[in-house]
Amino acid sequence: MSWLRSPHTLLTLLLPLSLTLPSPAQAETASTTPSSPPPASTPSLTPQESLAETILTHLGQVPERDNHFRETHSVRALKAPLKSSGILRFRAPDHIEKITTAPIHDTLIMEGDAVQIHHGKSPARTLPLHITPVLELMAATIRGPLQGNTALLKQFYSLSAQGDPASWTLTMTPRTSEVAHMVHIVQMTGHNNAIESIHLIQANNDVTDTIITH
């Protein structure tokens, strides 16, 4: 199954959803040593960063989602874009289903630290999310917005937004060189706490556009 071995193909198949479980934040303990320097102050957020956090907070307040999607994959090696459609489901805290119904039947189910992928007529395969960086990135990119987990997303992306909480565009750009080797940019648009579109440009310049309807 070569599509499972290629990071770029995995991203094309799996990343664009209506979005590892978030690890608990590690508490920082103050030093009792008098000579220790004071903790560094938290940098203030720009208006674009603050709006991004507000949007994510609103998205994370929705415990269940059932949506339809239409997806277009523009792959440089192909003359024509690939189109697909199907159903997206989310159940808090971490259950996600992407069921492609056309042109062929594919199923992706993510829960806990595992993802089950059933591609066409091939046998279903279950993989731990930590098996490869691309799966960890996929899980964070999908779950982070749906869970409203800003801390998780900031492990991989710099976050900014335009508009206002009622009508917005959320932009995620790689924070590390490792992420930049897989993804160039992820942009989501929406209204209030609903994601309506996702625009993904991979590091190899393949593009996936997803339209989500409710």
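The shown structure was predicted, so the numbers you read here are calculated from the model rather than taken from an experiment. Side chains included, hydrogens not; waters and symmetry mates left out as well; all remaining heavy atoms used.
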Distance-only, no hydrogens or angles: does the [X] side chain make a donor-acceptor pair with backbone N or O of [Y] under 3.5 Å?
X      : Y      : result
Asn193 : Gly60  : no
Arg143 : Met138 : no
Glu71  : Thr208 : no

- Message: Checking Ile185 against Tyr157 for the side chain to side chain contact (heavy atoms under 4.5 Å, CB included) test, could you report, in this order, the C-alpha distance in whole Å, the side-chain angles of both residues, the deciding distance, and whether it holds?
- Response: CA-CA 9 Å; Ile185 192 171; Tyr157 296 107; over 6 Å; no
To the nearest 0.5 Å, how far apart are [atom1] in [X] and [atom2] in [Y]?
X      : Y      : atom1 : atom2 : answer
Ile195 : Leu170 : CD1   : CG    : 8.5 Å
Asp164 : His191 : CG    : NE2   : 8.5 Å
His95  : Arg89  : NE2   : CZ    : 8.0 Å
Ser74  : Leu82  : OG    : CG    : 8.5 Å
Leu153 : Arg175 : CG    : CZ    : 10.5 Å
Thr72  : Ile211 : OG1   : CD1   : 8.0 Å

State, yes or no, whether a side-chain contact exists between [X] and [Y] at a heavy-atom distance under 4.5 Å.
X      : Y      : result
Asn205 : His184 : no
Leu137 : Glu178 : no
Met172 : Phe156 : no
Asp66  : Ile87  : no
Leu56  : Leu159 : yes
His73  : Ser84  : yes
Thr210 : Arg70  : no
Met110 : Asp94  : no

Honestly curious: do [X] and [Y] fall in one hydrophobic cluster under the side-chain, below-4.5 Å linking rule?
X      : Y      : value
Leu45  : Leu152 : no
Leu127 : Ile142 : yes
Ile109 : Leu88  : no
Ile117 : Ile131 : yes

Smallest separation among heavy atoms of [X] and [Y], with atom names:
X      : Y      : value
Ile55  : Ala161 : CD1-CB, 3.6 Å
Gly120 : His118 : O-NE2, 3.6 Å
Pro145 : Met188 : CG-CE, 3.6 Å
Thr126 : Ala114 : CG2-CB, 4.1 Å
Ala52  : Ser160 : CB-C, 3.8 Å
His214 : Ile212 : NE2-O, 4.1 Å

- His199 and Thr169: CA distance, side-chain angles, deciding distance, side chain to side chain contact (heavy atoms under 4.5 Å, CB included) verdict: CA-CA 10 Å; His199 178 66; Thr169 298; over 6 Å; no
- Message: Using side chain to side chain contact (heavy atoms under 4.5 Å, CB included), reason through Asn67 and Phe90 one step at a time and then give a plain yes or no.
- Response: CA-CA 9 Å; Asn67 305 117; Phe90 169 71; over 6 Å; no
- Task: Compute whether any side-chain donor of one residue and acceptor of the other, for Ser197 and Thr189, lie under 3.5 angstrom apart.
- Result: yes
- Does NE2 in His105 sit with more than 12 non-hydrogen atoms of other residues, nucleotides or ligands closer than 6.0 Å? yes
- Query: More than 12 non-hydrogen atoms from neighbouring residues, nucleotides or ligands closer than 6.0 Å to CD on Gln162, yes or no?
  - Reply: no
- Could you tell me whether Lys83 and Asp209 have a side-chain N and a carboxylate O separated by less than 4.0 Å? no
- Item | Lys154 and Glu49: CA distance, side-chain angles, deciding distance, salt bridge (Lys or Arg N to Asp or Glu O under 4.0 Å) verdict | CA-CA 11 Å; Lys154 284 185 174 180; Glu49 292 169 336; over 6 Å; no
